[in-house]
Number of protein chains: 2
Amino acid sequence: MANSALALWPIPRNMTSGSTALKLDHGFNIEVDVQQAPSDLHDAVQQAQKYLENDKLGRLVVGRGSNDSTAISGAKSVKKLKLSLEDGASVKSITDESRAKFEDRIEGYKLSIPADGSDATLVANSTLGLYRGLTTFGQIWYTYGQDTYTLEAPFDIEDSPAYPYRGLGLDTARNYFPVENILRTIDAMSWVKINTFHWHITDSQSWPLELSDYPELAQKGAYTSSQVYSEKDVQDVIAYAGARGIDVMLEIDTPGHTSVIGNAYPDYVACQNEAPWATYANEPPAGQLRFPLEEVQNFTAGLLSSIAKQVPGNYFSTGGDELNEKCYTDDPVTSQYLNSTGTTLNDALDQFTKVTHAPLVAMGKTPVVWEEMVLNYNLTSLSNDTIVMTWISSADAAAVADKGFRIVQAPSDYFYLDCGGGGWVGDNPKGNSWCDPFKTWQYAYTYDPLANLTATQAALVLGGEQILWTEQSGPENLEPVVWPRAASSAEVFWSAAQPSGQPLNATEALPRLHDVRYRMVQRGLNAINLQPQWCALRPHECDLYS
Amino acid sequence: MANSALALWPIPRNMTSGSTALKLDHGFNIEVDVQQAPSDLHDAVQQAQKYLENDKLGRLVVGRGSNDSTAISGAKSVKKLKLSLEDGASVKSITDESRAKFEDRIEGYKLSIPADGSDATLVANSTLGLYRGLTTFGQIWYTYGQDTYTLEAPFDIEDSPAYPYRGLGLDTARNYFPVENILRTIDAMSWVKINTFHWHITDSQSWPLELSDYPELAQKGAYTSSQVYSEKDVQDVIAYAGARGIDVMLEIDTPGHTSVIGNAYPDYVACQNEAPWATYANEPPAGQLRFPLEEVQNFTAGLLSSIAKQVPGNYFSTGGDELNEKCYTDDPVTSQYLNSTGTTLNDALDQFTKVTHAPLVAMGKTPVVWEEMVLNYNLTSLSNDTIVMTWISSADAAAVADKGFRIVQAPSDYFYLDCGGGGWVGDNPKGNSWCDPFKTWQYAYTYDPLANLTATQAALVLGGEQILWTEQSGPENLEPVVWPRAASSAEVFWSAAQPSGQPLNATEALPRLHDVRYRMVQRGLNAINLQPQWCALRPHECDLYS
């Protein structure tokens, strides 16, 4: 017998399955038994039907299902999946539910698929939960010939995520990605129940974000006039994501990583394009907001609130990583200001944070910052509500927790998808980079979000994400460099453990991840092979000690 | 002023260029002044015209050429490129010339592009040389608005390759690649003057090669009936390659890497699918030809000659890597045969080589083998004419040369394109692999084909190749994992040095390689970014010490 429920990813937290063959009836349909169901739930049902019809994934065994004919021909057919909400659940759109605060976000569902052909049922406390359950339902079926079937009915699944934040990060500033690439990425995220698209939309290299309030930023800061996201593009991405249960968390990285702002506002940026860049920045070009200056603080507050008001989600990242202090000490304007006012850089940063976060908080947003903002500085203006993202090391979570902040984990040593391709900086013939080696899916999968944390610290972990910085990426390799690797953290933060209670285990996971990958390819995504097809069709026969 | 002739790759061995703007006339055409010119030369000219019309590559500077308007508007226009052969050159097709023996292969050309608008000329001693010159011509031009232009006329180029073998290797057995992916790869190879497609077409995992003489091999050995190359497919690939100046060197790896042959011929294969695989093979599944047996020798000889007769080129690889001896000592059939006849494995291998190479030599082919065949065994039957490919280490070339064989260098420590993505073997959570780390383009580019070789040894070096083993690859990532990295060896083995005589230098090369990559993308190939676009538009501003 094959592994249980081979295709499910992330693996449900509670489930039983059997060993009875069951077909989808040729007239199979999904019935929405929800009063005044929102239109995006109907759209999701239609999309789920399409996947069921078009996936045509052969089972990953030798013969791709040809040995299943007998079992299939004797199988009962399920004619219907009925969706309903629990009594008393409020009826909101998937989109709205996907943007709820973490403590109010409801993603759980119950899915039952009897083996006798009677109706399958999907019940949840929210339309978002129904969406997650539809995603699970879509992973159960294989195609052989004209039949869509499973060999493992009945199914009884009761599932909900271990962590409320399961993200994927993408940098669209080092290199630009057309909207269509982002939408495809969002599709793939939804397939593995990732719920946050962390969009690092601007950086020192380019400002691809068109803003009607600040038109010169993109005019002078986008790579070209065609490499921009219009305000409508951003809305389209947000709407597309919302309908797929995904919140968009925009990041406008400040006060570092802002060289390009100087193209439009030269007075607001210190050390712009100064050489040698390595003295003033972790990567070229140098340039940072002169954040101690009151006009820069006000400008940034205006800019951030202008952008934040276009984003419906509750979470908005203001960045805060890799601030280079020498940029300011060598900058006459900034250093003169600091000296003349007797202000320390820390106090100026505290004031900058206060001024720039205030409008966000006023509009109900929760600020998100990188770990340096709490580990390298003492910012009394940071509200306790602030969420802190770790990136420098997986070891930093404890220190962040000790400051009392909630944590999203994006540790470079496990989760940076760009590492290991060699250094991209020029005149570096050895081609090493700071974050070698490549972070394999297996290694990312071993990440323990609670490692070395006390219970008090652990309670602050919201989840985490894998992230692609795009110095060496573009539309050309986005899909193969991200998929199926980014499914690792999706399972780490949804499932946290196997249904048996055993820890997640890459050896157990590999056949399921093959299935994820092959289904992604069936859906037109360029997800890479994890092994020779010979191995994909023979679970565990390519294990090291088999 | 921009770098000289920024886009040329591989850099011509002798060239001068100027700083005068020159346009392609809107009626520009390429005239073939060759008596009875072969049809593939006309096709190549048509293709070159298409690239000139469609590339529309903006110059890689800030503004993508917008600052060139004044220079362009005052520029002369060149109306014609005239192709001709040197007096006395024989007129053969590009296809035929691309299959000549290395010592007879003529790839040199002279290209002259005056700055005054008078006709450009391309002269060579062969149609293949004209093809190479057309490729160079196509790299010279940028587009801004309606104009196709260069800022660096006049050009005077006299070019020919330093080494006769410049290859790219692709394994289509671990995972399958549709023909269309192979053809795109051949296109890209031709753009950087690679002249050999080393097609590792079969291996232990699958036998995707349909053979009318041996139909059961693919019937029982292909992954599925749609994952096969028909004999016509192979001819199509060969023809497509030939028209692009590329010879196809097929590899049928024997006697190891042949597990799959046992699906059709179980009596001919030892230790097929034996566990633990690691005892019997470097990767799963185990299985090797019982080469000491006379019937296996005769079978293999028949198989190889049946395939080789379908391949017009002079070079044919019979493999010979990673032979596992324990597979035979534990195999009752083989060990009984060896014991009863008092034959050593070495002598049996010698006999196998004699029997299997004989029909190849008889049909005029030169056998090609992996290094173990001359470094691990003493095979008196190997003709001196045999070409030996190194792969285990760049340090092995000297030892091969000391045996007197000509060498093609594919050292894994520099040229394996698959390394660094983490281990693919299952139950290996750390995910390390034997050939970590990733072989960057920069590192491959530092490869010195003559390092530590005496002049006598060096004279035996035919060239080399980068190669993609496809455990973790497929159509989904073929282009981004190969390009533009495989351009590194293309320049190492064509140019060998800068036109100035200085050694090749990755710092000098980077802006040119950006150009190669951006042009590849314009031609629809998914070649990856080497740096943020900010850097690509600002040569050397992202160098480590700038």
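Predicted, not measured: the structure shown is a model, and the values here were computed from it. Note on naming: letters A, B, ... go to the chains in the order of the sequence lines (proteins, then strands), and numbering restarts at 1 for each one.
- The CH2 atom of A:W483 sits 16.0 Å away from the CG atom of B:N477 when rounded to the nearest 0.5 Å.
- Heavy-atom distances place no part of A:R485 under 4.5 Å from chain B, backbone and side chain included.
- Between chain B and the residues A:A506, A:A275, A:G474, A:G420, the largest count of heavy-atom pairs under 4.5 Å involves A:G420.
- Below 4.5 Å, heavy atoms of chain B meet heavy atoms from A:F438, A:T440, A:Q442, A:Y443, A:T446, all part of residues 438-447 of chain A.
- With sequence neighbours excluded, the residues that form a ring-ring contact (aromatic ring centres under 6.0 Å, His included) with B:Y229 are B:Y176, B:W199.
- The ring-ring contact (aromatic ring centres under 6.0 Å, His included) search around A:H257 returns none, not counting sequence neighbours.
- Looking at A:L530, the atoms closer than 4.5 Å to chain B (heavy atoms on both sides) all sit in the backbone: N, CA, C or O.
- Not counting sequence neighbours, the partners of A:H200 by the ring-ring contact (aromatic ring centres under 6.0 Å, His included) test are A:W469.
- With a 4.5 angstrom heavy-atom cutoff, B:V62 does not touch chain A via any of its atoms.
- Taking B:Q227, B:E283, B:R64 one by one and counting their heavy-atom pairs under 4.5 Å with chain A, the maximum is reached by B:Q227.
- For the set B:Q472, B:Q205, B:Q533, the count of heavy-atom pairs under 4.5 angstrom toward chain A peaks at B:Q533.
- B:W534 has its side chain out of reach of A:S204: every pair of non-hydrogen atoms, C-beta onward, lies at least 4.5 Å apart.
- Residue A:E541 touches chain B through its backbone alone, counting heavy-atom pairs closer than 4.5 Å.
- Proximity to chain B (any heavy atom under 4.5 Å) is restricted, for A:S473, to the backbone atoms N, CA, C and O.
- With chain B as the partner, the residue from A:D427, A:T507, A:N428 showing the most heavy-atom pairs under 4.5 Å is A:D427.
- Taking A:A527, A:A278, A:A173, A:P437 one by one and counting their heavy-atom pairs under 4.5 Å with chain B, the maximum is reached by A:A527.
- Between chain A and the residues B:R174, B:E479, B:R538, the most heavy-atom pairs under 4.5 angstrom are made by B:R174.
- Of the possible donor and acceptor atoms, one in the side chain of A:Q531 sits under 3.5 Å from a partner among the backbone N and O of B:W424.
- Per-residue counts of heavy-atom pairs under 4.5 Å with chain B were compared for A:P285, A:G58, A:G63, A:C535; the largest is that of A:P285.
- Contact tally against chain B (heavy-atom pairs below 4.5 Å) for A:P276, A:C542, A:G422: the top residue is A:C542.
- Contact count against chain B (heavy-atom pairs under 4.5 Å) is highest for A:N529 among A:V425, A:V481, A:N529, A:N273.
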